Amino acid sequence: MSKKTPQAIRGTQDIFGADAEAFAFVVETFERVRRLYRFRRVEMPVFEKTEVFARSLGETTDVVSKEMYSFEDRGGESLTLRPEFTAGIARAFLTNGWQQYAPLKVATHGPLFRYERPQKGRYRQFHQIDAEVIGAAEPQADVELLAMADQLLKDLGINDVTLHLNTLGDGASREAWRAALIDYFRQVEGQLSEESQERLEKNPLRILDSKDPRDKPFLADAPKIDAFLSEEAAAFFAAVTSGLDAAGVKWVRAESLVRGLDYYRHTAFEFIPDEGSASAAALGSQSTVLGGGRYDGLMESLGGAPTPAVGWAAGIERLAMLVGAREEQPADLIIVVEDDARVAEAIGLIGDVRKHGFTAELIASGSPRKRYDKAVKRGAEVILSLRPEMGRGIATDNPEAGVLGVLGAYR
RNA sequence: GCGAUCAUAGCUCAGUUGGUUAGAGCGCCGGUUUGUGGUACCGGAGGUCACGGGUUCGAACCCCGUUGGUCGCCCCA
C-alpha cells in the first residue's frame with residue numbers, strides 16, 4: 001500500500017459480501033417487524049445543532065464531553081454528527097408539532113458517530129435500528145416495545161439472549177435511591193476501586209455495574225431500588241412485568257441494571273447474551289445487543305411540555321455478528337458468452353430474463369474457454385452457454401428452474 | 001483517555017542466531033489439455049516487507065517514534 005493511497009477513517013468499516021448480507025438481513029427483518037407492530041418509518045438528519053445532544057444527554061456525560069463529532073459550519077454554528085437517535089427524534093417531535101399524532105410510534109435506522117476507541121462490536125461510525133413510542137404514559141407501551149424487540153431477535157434467529165429488566169422508579173424514587181447508594185458507598189469509599197470512587201461523585205448508580213473485584217463484595221448489600229419505589233412506580237413496574245408475561249416475553253430481573261443518562265425513568269432494559277452461549281462468545285466484551293428504557297424527562301430538557309416516552313436501540317453490527325455470515329444468493333441464470341460474436345444475442349436474452357423478474361448475470365470477459373468454469377464456480381440455477389458451433393447450449397440439472405420458461409427456445 | 005498485541009503480494013500466511021536477486025497457497029491474466037464441462041499442466045503480472053528515524057559493514061528481522069488493525073479498561077448499542 002503506497003503512502004499516497006488514502007486510508008479509511010479509524011473506526012469506520014467497508015462492509016462487503018457475506019457481512020453486508022448479514023447487515024441487510026438485520027435491517028430487512030427490522031423493517032418487516034416494525035410494520036407488524038405499526039411503527040411508522042421516520043428519516044432523521046445525520047447532524048443536529050450541538051445543543052440538541054448537549055441538553056438532552058447532559059453536558060457532563062462521557063458521550064457529550066468527549067465522544068461527539070462536533071464542528072462549526074461555515075456560518076459559525078456548532079453542529080454535531082448524531083451519537084444516538086433519541087435526542088433528534090425528540091427534537092423533531094417538538095419542532096414539527098408531532099404531538100398531534102401522539103401516542104406516536106416511530107422507527108428508524110442509520111449511522112451514528114462516536115469518537116471512541118474501536119474494538120469488537122464498537123466503531124466510530126456504527127449503525128443502529130431504533131424504535132420509540134412518544135406520548136404514551138401507560139406501561140402497555142413498554143410492553144409492546146419489548147414484545148417487538150423480542151420478536152425481532154427471534155425472527156433473526158437469535159435465541160440465546162435474554163431480556164434483563166429493571167425499574168429506576170419515578171423521579172422521586174430514583175433520587176431517594178441514589179442518595180441511599182451514595183450514603184452506603186461513602187462508608188466503604190476507601191476500599192472501592194479508583195473508578196468507582198470517581199463514579200461516586202459523577203454517577204453512583206454505575207457502581208452497581210462494576211466488574212472490579214474490589215467493588216464486588218459491597219454490591220450485594222447495596223440498597224435496592226425496590227425499597228424506594230413509590231406506590232405508583234411499583235404498580236407501573238408490576239404492570240410491565242405482567243404484560244410481558246402475557247405477551248410471552250421471557251425476562252429476568254436485573255436489580256443492578258441502570259442507565260447512564262439522567263433522563264431515564266421507570267423501565268430500563270437490555271437484551272444480553274446468556275452466559276456461555278454462542279452469542280456471548282461472538283460479542284466479546286460488548287454484552288448488550290439491544291437496550292433502552294423510558295425517558296419521561298427528556299422532552300422538558302429540550303424545552304417542550306412534559307411528554308412520556310419509551311424507546312430502544314440496537315447495534316446493527318452486533319446483531320449481524322450474532323446472525324452470522326450470510327452467503328449471497330446465487331443467480332437464477334448465468335449466461336456465458338463463449339463466442340464473442342454472440343454478445344448482442346446474450347444482452348438481449350438477459351434483458352428479457354431480468355424483465356421477467358429473474359436474477360441474471362452475464363459472463364463475457366476473460367479467456368473465452370475459462371468463462372464457463374467461472375460461471376460454475378459462481379453458481380446459478382441455470383447456466384446458458386453461447387458457444388461457437390454448438391448453437392444452442394444450455395446446461396442445467398434442474399428442470400424445475402423457473403428461468404427455463406423464459407429461455408424456452410434454448411431447451 | 002489508559003493497557004496489551006500485531007502490521008511481508010489482491011487474500012491467508014512462511015521467512016532460521018541480522019547475511020546474495022523476499023517465498024508458498026489461493027485469487028487474477030494468458031496458453032496448452034479436456035470438451036456438456038468446477039480437470040490437469042505451463043507461463044505471467046503483482047511487494048520501497050505500514051510509514052519515519054536510529055543501531056550495524058549489512059535490517060523484513062534489533063531500538064525509538066508515527067499511523068492503522070485486533071482485543072481489553074473506561075463508557076456505551
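Chain A is the first sequence line, chain B the second, and so forth, proteins listed ahead of strands; every chain is numbered from 1. The structure displayed is predicted, hence computed values, not measured ones.
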- Note on the structure: Partner of B:rC62 under the Watson-Crick or G-U wobble criteria, both distances under 3.5 Å, comes out as B:rG54

- Here the distance between atom C1' of B:rG3 and atom CD of A:E194, to the nearest Å, is 14 Å

- Message: With rounding to the closest Å, how many angstrom separate the C1' atoms on B:rA24 and B:rG15?
- Response: 11 Å

- Considering only NZ, NE, NH1 and NH2 on the basic side and carboxylate oxygens on the acidic side, decide whether A:R259 and A:D209 come within less than 4.0 Å. no

- Provide the distance between the two C1' atoms, one in B:rG65 and one in B:rC29, to the nearest whole Å. 41 Å

- Item | Sequence-aligned protein contact record of nucleotides 70-77 of chain B, with B where the base is within under 4.0 Å of a protein heavy atom and S where only the sugar-phosphate is | -SBBBBBB

- Query: Within 45 degrees of the axis of the six-membered ring of A:Y115 and under 6.0 Å from its centre: does A:R124 put its NZ or CZ there?
  - Reply: yes

- Between the side chains of A:D130 and A:T108, does any donor sit under 3.5 Å from an acceptor? no

- Separation between the C1' atoms of B:rG72 and B:rC28, rounded to whole Å: 39 Å

- Message: I want to check a possible cation-pi pair here: A:R34 against A:F39, using under 6.0 Å from ring centre and within 45° of the ring axis as the test.
- Response: no

- Message: Nearest whole Å is fine: how far is B:rU34 C1' from A:E338 CD?
- Response: 13 Å

- Item | Length of the line joining A:D373:CG and B:rA40:C1', which is rounded to integer Å | 12 Å

- Message: Please confirm whether the ring centroid of A:F23 lies under 6.0 Å from the ring centroid of A:H127.
- Response: yes

- Distance, P atom - from B:rC63 to B:rU56, rounded to whole angstrom: 16 Å

- If B:rG30 has a Watson-Crick or G-U wobble mate with both distances under 3.5 Å, name it; if not, just say none. B:rC42

- Query: How close or far is atom C1' of B:rC28 from atom NZ of A:K377, stated in whole angstroms?
  - Reply: 11 Å

- Query: Which value, in whole Å, describes the distance between the P atoms of nucleotides B:rA60 and B:rU20?
  - Reply: 10 Å

- Message: Looking only at side-chain N and O atoms, does A:Q13 offer a donor or acceptor that is under 3.5 Å from a partner on A:E317?
- Response: yes

- Query: Using purine N1 to pyrimidine N3 plus N6-O4 or O6-N4 for Watson-Crick, or N1-O2 and O6-N3 for G-U wobble, both under 3.5 Å, which nucleotide pairs with B:rG47?
  - Reply: none

- Task: Go through the side-chain N and O atoms of A:T29 and A:D155 and say whether any donor and acceptor fall under 3.5 Å apart.
- Result: no

- Report the base-pairing partner of B:rG18 (Watson-Crick or G-U wobble, both distances below 3.5 angstrom), or none. none

- Item | Separation between the P atoms of B:rU16 and B:rC62, rounded to whole Å | 10 Å

- Find the partner of B:rU67: check Watson-Crick (N1-N3 plus N6-O4 or O6-N4) and G-U wobble (N1-O2, O6-N3) distances, both under 3.5 Å, and reply none if neither fits. B:rA7

- When both distances are under 3.5 Å in a Watson-Crick or G-U wobble arrangement, the nucleotide paired with B:rC73 is B:rG1

- Query: Is a side-chain donor-acceptor pair under 3.5 Å present for A:E72 with A:S78?
  - Reply: no

- Task: Please state the C1' separation for the pair B:rA45 and B:rG27 - nearest whole angstrom.
- Result: 13 Å

- Message: What's the gap between B:rA77 and B:rG38 when it is taken at their C1' atoms, as a whole Å value?
- Response: 43 Å

